[in-house]
Amino acid sequence: MLKPVTTDIEALKIIDDRLRWLSAWTIHHANHIRENTDGLKVGGHQASCASMTSIMTALYFHALGPNDRVAVKPHAGPVLHAVHYLLGSQSRESLENFRGFGGAQSYPSRTKDSIPVDFSTGSVGLGVAITLFSSIVQDYLTAHGLMNEQDRGRFVALVGDAELDEGNIYEALIEGSKHDVRNLWWIIDYNRQSLDATTADRMFGRFDEIFASCGWRVQTLKYGKLQQAAFAEKGGAELQRWIDEASNADYAALTYLGGKAWRDRLLADAPKSKPILDRRSDDELQRLMTNLAGHDIESMIEAFDRCDDDQPTLFIAYTIKGFGLPFAGHKDNHSGLMNPTQMAAWREAMGVAEGKEWERLEGVGENARPGVDTVLERSRIAREKRPRSFGQLEVPAIPTPAGDEQSTQAAFGRILLDLAKSGGSLADRIVTTSPDVTVSTNLGAWVNQRGLFRREEIADVFAREKIASAQKWSSANRGQHIELGIAENNLFLMLAAAGLAGDQFGARLAPVGTLYDPFIARGLDALNYACYQDARFILVATPSGLTLGPEGGAHQSINPPLIALGQPGIRHYEPAFADELAAMMELAFKLIDNPDGESTYLRLSTRNVRQVSREDDEWRDGALKGGYWLCTPADGAEAAIVAMGAVMPEALAAWEELRDDIPGLGLLSVTSPDLLHRGWSASQASRWAGGGEPSHVERLLSKLGRGAGLVTIADASPASLSWLGGVLGQRVAPLGVERFGQTGNLADLFAAYRLDGAAITEAAAEILLQNG
């Protein structure tokens with residue numbers, strides 16, 4: 001029987017063992033016990049979990065407060081589930097169904113897991129960086145009176161050492177330095193092994209320099225208490241020297257080989273350490289050499305306690321990958337799984353009776369249990385999933401900016417300027433951000449009115465010196481624009497953090513981020529990450545397409561509508577006219593604050609377009625659903641032009657030219673191929689299930705004859721619209737951009753890339769000939 005627990009440290013050591021057991025058993029059960037109906041490997045990361053249990057024990061059961069938020073490294077997800085299982089907020093059923101449908105997720109998920117998950121992780125590096133931007137959002141909310149000072153917390157990222165190869169971490173680190181980020185801990189699980197091999201030795205001598213240069217405090221936690229005591233013995237200096245000089249690969253291999261291997265190597269390389277070796281058995285020597293600080297509860301608690309302030313801190317916690325498991329230290333252990341024989345032996349060593357593997361405190365003696373229960377009950381972390389908060393934004397009607405001829409990009413800027421000037425609760429909740437393209441994406445006027453956000457006040461030197469400038473930007477803690485450097489990953493992570501403000505802090509923001517449309521791809525992983533967490537924001541991508549003209553080349557986007565077509569959690573709109581944009585922005589703000597809503601991507605253009613006159617508002621509902629007839633076809637018409645966005649003038653001109661030759665010719669304005677496709681797909685699925693109504697796009701196209709032809713045109717990949725032929729089996733002649741652009745005026749470019757009236761006429765003629 002275990003001796004009575006008299007200290008919290010002893011109780012925490014028991015909890016550490018329980019987390020290591022439960023996380024490993026959860027993975028083992030999924031792979032070796034639960035029925036596998038499809039034969040696919042279930043997987044899991046027992047070794048990655050084992051290297052983290054001591055760190056997470058000290059963090060969750062000692063250091064964290066109720067307002068602190070944590071991004072857990074992806075492969076330690078089972079440890080997070082085990083934490084909540086011990087606290088009673090995770091069910092056995094969910095653990096038994098780990099990586100099964102509806103069970104505990106492979107990696108922590110805000111939306112899919114039943115336990116409170118602060119940040120989804122899975123795409124390595126992004127869960128680390130978002131904690132930095134969430135800290136900035138917390139500062140923003142506090143400065144704007146949307147959050148009480150006492151509700152503030154710390155943001156913690158548990159980082160796998162191999163994650164530090166991800167460049168987005170350093171982009172975020174630089175941005176955090178610019179914004180004087182605070183209340184941030186990044187804890188590196190330095191087990192010195194990645195998926196394929198041991199990690200390089202050289203870099204960890206540089207991380208302290210990199211982080212310190214950005215204003216961080218660096219705490220290197222290398223030696224556990226056993227090692228520290230041994231260093232004070234005769235031969236201790238020699239032992240410490242050898243440990244410090246040992247390569248990562250050597251340390252891992254010797255850990256796997258065990259006590260005798262340690263003894264032989266140390267006698268050969270560090271003979272002066274012999275007195276220490278002589279006083280210890282092989283098992284004791286193994287315990288000593290693997291007693292790194294990251295597995296020493298007391299060392300971790302001391303480190304956390306001495307850093308209890310708001311300075312950003314990097315903890316480099318030395319650990320052993322697979323600590324305590326049969327394959328600890330083996331270079332292939334990343335996806336390694338204990339086999340049933342190994343698990344049975346380990347279960348016995350852990351004091352767990354067969355058949356009681358799921359018992360929360362199995363193996364904990366009666367004398368020890370009260371102390372363990374006390375520590376568990378005292379944990380201050382959120383035990384239940386936080387309710388999502390909606391209905392905080394009052395969205396007024398957004399009028400159309402005046403002007404007979406205007407671009408959608410200019411209209412966007414005027415809409416935001418009008419909101420800034422008129423004030424109101426929506427304007428006060430809007431926070432804008434941009435990666436150093438604020439002016440060129442028409443956010444400048446908004447910033448002139450609302451200012452830049454900084455915790456410290458920074459005067460506009462040009463204004464103070466009376467130097468004429470269109471931008472009158474001063475920085476203060478009441479500003480509403482967060483300016484970023486040129487790093488699209490940072491833009492999307494900032495939008496993700498601001499878009500989760502309602503969930504994380506109870507105060508919903510209306511984030512609006514702008515960038516050049518072609519550079520969505522540079523931050524696509526972070527955009528997907530934001531959508532996966534159901535962060536709510538408006539993404540304005542402008543300028544776009546060949547209509548950039550003289551910009552040429554890679555600045556002329558081609559595939560973003562296709563990206564949007566396949567991206568869950570965000571809807572794509574591409575308006576041609578300012579009134580369409582006003583309606584879309586009004587809806588987009590409402591979708592941010594709607595339980596069933598989503599984010600919105602607006603693809604805009606710098607091309608000035610003559611605005612159409614409207615007889616009524618009947619177009620509006622269709623535009624918000626993805627399309628409407630700008631020129632209604634005759635019933636059973638044999639052809640229609642289908643156009644999207646900035647090429648609408650060419651489509652209108654072609655319609656005027658062809659309508660006498662093609663009786664009943666229609667002109668369909670597609671405002672969102674994304675929504676049209678979603679509706680069509682959902683309608684099909686509903687019909688296959690025995691019900692359902694025709695989708696919006698089916699109703700639109702049914703006005704044409706069954707054999708009608710469609711000429712589709714977009715300043716984007718023709719595949720953005722060519723799929724429309726599959727809706728009712730109508731023939732399609734797709735026009736669009738399939739090659740990288742070049743510089744030139746619009747007439748030359750549209751002719752070269754077949755986006756002009758002549759191309760539409762030729763395509764229509766070909767369709768009619770084929771139909772004939």
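Numbers here simply count residues along the sequence, with the first being 1. Keep in mind that what you see is a predicted model, and the values were worked out from it rather than measured.
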Q | Donor-acceptor contact below 3.5 Å, side chain R383 vs main chain S379 | A | yes

Q) For the side chain of D38 and the backbone of L40, is there at least one donor-acceptor N/O pair under 3.5 Å apart? A) yes

**Q.** D17 and K13 ion-paired at < 4.0 Å
**A.** no

Q: Supply the atom-to-atom distance E362 CD to E357 CD, rounded to the nearest 0.5 angstrom.
A: 8.5 Å

Q.
When you compare the side chains of Y532 and S109, does any donor N or O come within less than 3.5 Å of an acceptor on the partner?
A. yes

Q) Below 4.0 angstrom, N of the basic side chain to O of the carboxylate: do K225 and D296 qualify? A) no

Q. Are H295 and Y318 near enough that their ring centres are under 6.0 Å apart?
A. no

Q: Would you please say whether a donor-acceptor pair under 3.5 Å links the side chains of T142 and R152?
A: yes

Q: Would you please indicate yes or no on a ring centroid separation below 6.0 angstrom for F155 and W185?
A: no

Q: Count the heavy atoms of every other residue, nucleotide or ligand shown that sit under 6.0 Å from NZ of K112, and state whether that count exceeds 12.
A: no

**Q.** Check ion pair D534-R536 (N to O, under 4.0 angstrom)
**A.** yes

Q. Should D309 and R217 count as an ion pair when the cut-off is N to O under 4.0 Å?
A. yes

Q: Considering only NZ, NE, NH1 and NH2 on the basic side and carboxylate oxygens on the acidic side, decide whether R154 and D310 come within less than 4.0 Å.
A: no

Q: Return yes when atom CD of Q150 has more than 12 non-hydrogen atoms of other residues, nucleotides or ligands closer than 6.0 Å, and no otherwise.
A: yes

Q: Identify whether the distance between the nearest side-chain nitrogen and carboxylate oxygen of R110 and D503 falls below 4.0 Å.
A: yes

Q: For residues G127 and A157, report the shortest heavy-atom separation together with the two atoms involved.
A: O-CB, 4.5 Å

Q. Would you call D189-K321 a salt bridge at under 4.0 Å N-O?
A. no

